[in-house]
Amino acid sequence: MHDSSFNLSDCLVQDGRPDRVEGRHVNMPVELGSTMVFDTLAEFEAARNARYRTGTMYYGRYGNAAAYKLEQILARLEGAEAVTLTSSGVASISTTLMALTRPGSHVLVADNIYGNTRTFCDGLLSQQGVEIEYFDPMIGADISKLLHDATAAIMFESPGSGTFEMPDIVAIATAARAAGVPTILDNTWGTPVFIRPLALGVDIVVYSASKYISGHSDCMLGVTVSNAAYAERIRKTVMQIGDKTGGQEILLALRGLRTLKLRLEHIDRAGREMANWIDGQPQVKTVLHPALPSCPGHENWKRDFTGAGGLFGVVFHTSSDSAVRAFVDALHHFGIGVSWGGYESLVLPVAPVRTATEWNEAGRLVRFNIGLEDTDSLKADLAAALPLLDP
Ligand SMILES: Cc1ncc(COP(=O)(O)O)c(C=O)c1O
């Protein structure tokens with residue numbers, strides 16, 4: 001969708017705000033509510049008929065004014081025709097896969113996919129009679145060899161969770177589109193600040209907005225972005241399941257968007273600085289950061305992205321679990337916990353799960369999320385703990 005007046009910084013600040021009336025607040029108000037009432041039965045019936053359409057005020061579960069504002073700003077950021085909000089990133093992923101499949105469908109899933117996407121595919125989706133086939137994330141145009149009549153979707157991630165291979169998004173999207181198979185890309189790491197996947201031929205983009213979009217580790221939210229062809233199916237599935245986005249989360253995501261570019265510019269710089277610094281430490285075997293040449297798919301990142309998220313992996317030489325545990329426990333500036341994309345730095349050991357390809361890096365893999373702290377403090381913290389990984 002071409003939008004000649006689009007300017008990223010202006011959009012992040014100006015869009016998704018209250019409509020122009022005198023004396024309005026800067027931000028959307030808190031809106032609580034289930035029932036919406038109408039003056040006439042005809043107005044009520046018109047709203048009911050349009051309830052799956054964004055912007056329709058019908059009943060709280062379908063959306064409210066702030067939800068529609070958030071959908072509008074996200075659609076503009078992505079250059080998309082439609083956005084559907086859900087209660088979490090996992091809800092966006094599962095409802096999108098449900099919307100596109102039925103018993104007998106075949107779905108191709110990248111082997112480095114986020115763990116809970118794999119859990120959903122191997123669990124509920126398989127139980128519904130959908131065949132799941134995992135593929136090498138670096139497959140590129142050869143994905144076409146795996147497509148057949150029953151293939152209903154390709155699900156992949158930029159970059160892969162834990163192991164950070166950056167796929168050739170363009171090659172996969174082009175091959176899929178030639179065969180009429182929709183692609184779903186989890187672009188939580190890249191965000192619309194660094195890449196707009198629909199412009200590269202991807203059909204549907206999903207986000208955990210619990211990460212960078214809200215940005216403060218205080219919000220659970222999912223976003224599904226698509227062109228018009230898939231919008232209604234996705235929205236109806238979300239509504240039929242009864243998934244509902246909380247009013248407070250919508251306001252937190254709108255607030256997060258105001259600083260998204262600023263935060264990510266810092267995180268991009270700080271993340272690369274930290275990745276390069278860690279790369280120089282004797283305990284480190286390899287750094288898996290898409291902006292570093294050592295990361296598989298680095299060339300794809302260079303071609304398609306304008307910046308990098310601050311989440312990356314480090315493979316340490318040690319094969320000792322107890323040494324890794326001691327190292328992680330010794331860090332003071334890095335919290336130990338799942339999720340990422342808030343303002344705070346995090347650390348977590350990762351054990352990649354593979355079923356179609358091998359993960360055969362010797363050593364131990366640890367994931368770092370770089371936040372907004374002073375990078376000198378982060379380096380000093382790591383420097384003090386790294387000797388615990390020495391043989
Ligand atoms: C790449 C990726 N996608 C999706 C999710 C799931 O998002 P949520 O936690 O909002 O359900 C996560 C969460 O860690 C993630 O890392």
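Counting convention: from 1, in listed order, for ligands and their atoms alike. Scope of the values below: all heavy atoms of this structure, side chains included, with no hydrogens, waters or symmetry mates. As the structure is a prediction and not an experimental result, all values here were calculated from the model.
When atom types are taken as modelled, the side chain of N187 and the backbone of V205 share no donor-acceptor pair closer than 3.5 angstrom.
Under the 4.5 Å side-chain contact rule for hydrophobic residues, I93 and M239 do not share a cluster.
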Check ligand 1 for close polar pairs with the protein: N or O on both sides, less than 3.5 Å.
{"unit_1": "ligand 1", "atom_1": "3 (N)", "unit_2": "D186", "atom_2": "OD2", "d": "2.6"}
{"unit_1": "ligand 1", "atom_1": "7 (O)", "unit_2": "S208", "atom_2": "OG", "d": "3.0"}
{"unit_1": "ligand 1", "atom_1": "9 (O)", "unit_2": "K211", "atom_2": "NZ", "d": "3.3"}
{"unit_1": "ligand 1", "atom_1": "10 (O)", "unit_2": "G89", "atom_2": "N", "d": "2.8"}
{"unit_1": "ligand 1", "atom_1": "10 (O)", "unit_2": "S208", "atom_2": "OG", "d": "2.8"}
{"unit_1": "ligand 1", "atom_1": "10 (O)", "unit_2": "S210", "atom_2": "OG", "d": "2.6"}
{"unit_1": "ligand 1", "atom_1": "11 (O)", "unit_2": "G89", "atom_2": "N", "d": "3.1"}
{"unit_1": "ligand 1", "atom_1": "11 (O)", "unit_2": "V90", "atom_2": "N", "d": "3.0"}
{"unit_1": "ligand 1", "atom_1": "14 (O)", "unit_2": "K211", "atom_2": "NZ", "d": "3.0"}
{"unit_1": "ligand 1", "atom_1": "16 (O)", "unit_2": "W340", "atom_2": "NE1", "d": "2.9"}

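Classification of the Y58-Y62 ring pair by plane angle, with boundaries at 30° and 60°, yields perpendicular. Taking the six-membered ring for Trp and thresholds of 30 and 60 degrees, H148 and H106 have nearly parallel ring planes, at less than 30 degrees apart.
Among residues at least two apart or in separate chains, there is no side-chain hydrogen bond (donor to acceptor under 3.5 Å, both in side chains) pair with a member in residues 38-50.
Between the side chains of S5 and R76, a donor-acceptor pair is found at a separation under 3.5 Å.
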